[in-house]
Number of protein chains: 2
Amino acid sequence: MTTSKVYIETFWKIHRMIEESGLQPGDRLPSERELADRLRVGRSSVREALRALELLGLIETRRGEGTFMKPFGDHQLIQLLGSFILQGNREKRDLIETKIFIERICLQLACERLTDEKLELILQTEHTYHSFFRRIVQATDNYLLLRIWLVLSDFFEHVYTVELPSECYEQMCKALQKRSCEEAIAVYEQYVMQKMSKEN
Amino acid sequence: MTTSKVYIETFWKIHRMIEESGLQPGDRLPSERELADRLRVGRSSVREALRALELLGLIETRRGEGTFMKPFGDHQLIQLLGSFILQGNREKRDLIETKIFIERICLQLACERLTDEKLELILQTEHTYHSFFRRIVQATDNYLLLRIWLVLSDFFEHVYTVELPSECYEQMCKALQKRSCEEAIAVYEQYVMQKMSKEN
DNA sequence: GAAGTTAAGTGGTCAGACCAGTGGGCCGCT
DNA sequence: AGCGGCCCACTGGTCTGACCACTTAACTTC
């Protein structure tokens with residue numbers, strides 16, 4: 001028989017419960033004992049399921065208090081995965097290369113899709129590398145691309161610290177205003193590509 | 001006091017054990033009972049640690065047989081995370097768009113980096129969409145890019161079934177032989193882009 | 001009213017039991 | 001000798017009940 005494992009089923013049941021009851025970040029989940037009782041499984045199975053949810057960064061457990069929904073965005077798994085994946089130089093080179101490709105694409109897309117309000121927002125702010133490209137990637141209006149970039153960026157910042165001179169952001173902003181994707185990419189390549197090739 | 005959790009410590013102990021004893025994919029780990037015994041912790045803590053390793057895609061457990069090292073590359077976690085992210089139509093549109101960007105980049109990179117042997121391999125084989133682009137992405141010699149593409153492709157094939165006429169592959173192969181990245185991308189865009197815009 | 005005490009509830013951990021598969025060794029048959 | 005079948009030891013999977021460490025809130029006491 002395909003007697004699927006209880007802790008896997010429990011994982012999905014809890015996941016569904018979270019969705020259906022519309023739990024928000026900060027909200028408390030039922031206690032382990034109550035979950036075990038409600039789902040008719042042992043407490044150890046509930047715990048193994050909760051560990052998975054915790055690793056995914058969906059929940060957080062506080063001893064003596066309970067289990068709580070975590071705000072999106074801070075995924076445990078990134079640190080963990082990073083420490084497993086990013087061990088050799090080969091991997092770091094791949095990371096830099098891939099991150100650059102994504103950013104170049106996003107720069108191009110942003111030029112095409114950037115709304116005027118979002119452009120204003122970008123122009124007004126003082127920028128760091130992260131904040132600037134986060135805005136750029138968000139401007140692409142492609143959530144998946146944003147997710148991928150966030151993961152790559154997270155890995156990256158675990159390994160390197162890179163900042164660009166402010167005139168770089170200014171020049172890219174000008175290009176964005178003109179909606180000139182060639183110019184934006186040219187600036188990007190001029191500053192970023194050479195900087196990265198040193199790191200590598 | 002910082003009484004850090006046993007299952008976390010156990011996780012890292014097992015992880016270190018794996019590294020130090022140089023376990024290879026396919027090798028067997030000690031049984032749960034023996035691990036608990038050796039590390040002086042309860043079996044349930046060992047299990048919670050093993051669940052984390054399993055979720056990360058590092059090990060695989062087979063009831064009645066034992067716990068085994070898994071080949072690198074298939075990280076459960078990424079897949080799992082994906083199933084949380086990819087739910088609406090908005091996400092599907094993003095998926096298609098992102099997948100196309102990645103494939104276009106890889107096509108370009110492949111043109112530059114493709115070795116003669118790998119080219120031969122591609123030319124000789126009868127291709128499906130998946131097998132062709134898998135070869136292309138592999139030819140970029142960027143493992144991270146390959147992993148991202150595999151995940152996207154995996155999602156994609158859960159939602160759509162797309163195949164291209166064989167002349168498309170033939171034309172791309174010709175372009176690859178000539179190392180003409182413009183031509184390869186032109187063919188790609190001609191066949192794929194329009195096909196995808198229908199699906200969307 | 002404020003400070004200290006207590007009790008109930010929570011996650012963290014352990015030990016022990018049983019179930020359900022797997023695999024190897026042993027036995028007896030042909 | 002070779003084959004088939006049985007059995008048993010071992011594995012992961014699950015449940016239970018117990019205890020610890022910690023938090024919170026209600027209660028008591030001053």
Side-chain angles (χ1 to χ4, degrees), chain A residues 1-15 17-18 21 23-71 74 76 80, chain B residues 1-15 17-18 21 23-71 74 76 80:
Chain A
M1 310 293 102
T2 56
T3 46
S4 69
K5 301 170 186 173
V6 174
Y7 69 86
I8 303 262
E9 282 174 14
T10 306
F11 170 87
W12 287 111
K13 280 182 190 168
I14 297 178
H15 178 239
M17 176 189 302
I18 290 174
S21 59
L23 285 181
Q24 297 299 312
D27 290 352
R28 218 190 115 211
L29 272 71
S31 76
E32 296 181 351
R33 288 167 177 86
E34 189 181 334
L35 281 173
D37 206 40
R38 274 209 256 173
L39 303 177
R40 311 274 183 75
V41 297
R43 197 180 147 210
S44 50
S45 295
V46 169
R47 281 185 61 80
E48 290 186 25
L50 288 178
R51 286 296 77 67
L53 288 166
E54 191 177 26
L55 200 60
L56 285 169
L58 292 177
I59 62 169
E60 173 187 17
T61 58
R62 296 202 284 268
R63 181 206 213 104
E65 293 183 71
T67 306
F68 300 84
M69 293 297 299
K70 231 174 146 175
D74 26 320
Q76 301 306 92
L80 275 176
Chain B
M1 311 310 95
T2 61
T3 47
S4 72
K5 301 171 185 172
V6 174
Y7 68 86
I8 303 264
E9 281 175 14
T10 305
F11 171 87
W12 287 112
K13 280 182 190 166
I14 297 177
H15 179 236
M17 176 189 302
I18 290 175
S21 59
L23 285 182
Q24 297 299 312
D27 289 352
R28 219 192 113 208
L29 272 71
S31 75
E32 296 181 352
R33 288 168 177 85
E34 189 180 335
L35 281 173
D37 208 40
R38 282 222 290 236
L39 304 177
R40 309 275 182 76
V41 297
R43 198 180 147 212
S44 50
S45 295
V46 169
R47 280 186 61 80
E48 290 186 27
L50 288 178
R51 285 298 76 69
L53 288 165
E54 190 177 26
L55 204 56
L56 285 169
L58 290 175
I59 61 169
E60 172 186 20
T61 58
R62 296 201 283 269
R63 181 205 214 107
E65 292 182 70
T67 306
F68 300 84
M69 294 296 298
K70 232 174 146 177
D74 20 321
Q76 305 306 91
L80 212 55

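Below, read A as the first sequence line, B as the second, and so on, with proteins coming before strands; counting in each chain starts at 1.
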Using a strict 4.0 Å threshold on nitrogen-to-oxygen distance, state whether B:R51 and B:E54 make a salt bridge.
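Salt bridge present between B:R51 and B:E54.
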So, for [X] and [Y], which heavy atoms are closest and what is the spacing to 0.1 Å?
X: B:I14; Y: B:L50; value: CD1-CD2, 4.1 Å
X: B:M69; Y: B:Q24; value: CB-O, 3.3 Å
X: B:L29; Y: B:F68; value: CD1-C, 4.3 Å
X: B:Y7; Y: B:S45; value: CB-O, 3.8 Å

Calculate the interatomic distance between [X] atom [atom1] and [N] atom [atom2]; express it in whole Å.
X: A:K5; N: D:dT11; atom1: NZ; atom2: C1'; answer: 12 Å
X: B:Y7; N: C:dG12; atom1: OH; atom2: C1'; answer: 8 Å
X: B:E9; N: C:dG12; atom1: CD; atom2: C1'; answer: 12 Å
X: B:L39; N: C:dC14; atom1: CG; atom2: C1'; answer: 14 Å
X: B:L50; N: D:dT14; atom1: CG; atom2: P; answer: 13 Å
X: B:I14; N: D:dG12; atom1: CD1; atom2: P; answer: 11 Å
X: B:E54; N: D:dG12; atom1: CD; atom2: C1'; answer: 10 Å
X: A:F68; N: C:dT10; atom1: CZ; atom2: P; answer: 11 Å

Polar atoms only, N or O, under 3.5 Å: list the protein pairs with nucleotides 23-27 of chain D and their distances.
residue: D:dT24; atom: OP1; partner: A:E65; partner atom: OE1; Å: 3.2

From [X] [atom1] over to [Y] [atom2], what is the distance, rounded to the nearest 0.5 angstrom?
X: A:I59; Y: A:L23; atom1: CD1; atom2: CG; value: 11.0 Å
X: B:T67; Y: B:E60; atom1: OG1; atom2: CD; value: 9.5 Å
X: A:T10; Y: A:R40; atom1: OG1; atom2: CZ; value: 13.0 Å

DNA chain D contacts made by residues 40-48 of chain B, counting heavy atoms under 4.0 Å:
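Of all residues in residues 40-48 of chain B, the ones placing a heavy atom under 4.0 Å from DNA chain D are B:R43, B:R47.
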Between residues 26-35 of chain A and DNA chain C, which residues have a heavy-atom gap below 4.0 Å?
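Within this stretch, A:R28, A:S31, A:E32, A:R33 sit under 4.0 Å of the strand.
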Would you call A:L58 and A:I18 a side-chain contact if the rule is heavy atoms closer than 4.5 Å?
no
Using a 3.5 Å cut-off and no angle test, enumerate the donor-acceptor pairs between side-chain atoms of residues 32-39 of chain B and protein atoms at least two apart in sequence or in another chain.
residue: B:E32; atom: OE1; partner: B:R43; partner atom: NE; Å: 3.0
residue: B:E32; atom: OE1; partner: B:R43; partner atom: NH2; Å: 3.0
residue: B:E32; atom: OE1; partner: B:R47; partner atom: NH1; Å: 3.3
residue: B:E32; atom: OE2; partner: B:R47; partner atom: NH1; Å: 2.9
residue: B:E34; atom: OE2; partner: B:R38; partner atom: NH1; Å: 3.2

A:T67 side-chain N/O to C:dT10 phosphate OP1/OP2 under 4.0 Å:
no
Sequence neighbours excluded, the answer for side chain to side chain contact (heavy atoms under 4.5 Å, CB included) partners of B:I8 is B:K5, B:W12
Taking the side chain of B:V6 as heavy atoms from C-beta outward, which of D:dG12, C:dG11, C:dC14 is closest to it?
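The answer is C:dC14.
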Angle between the end axes of the helix from C:dG1-D:dC30 to C:dT30-D:dA1, five pairs per end, to the nearest 10 degrees?
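Inter-axis angle at the termini of the helix from C:dG1-D:dC30 to C:dT30-D:dA1: 20°.
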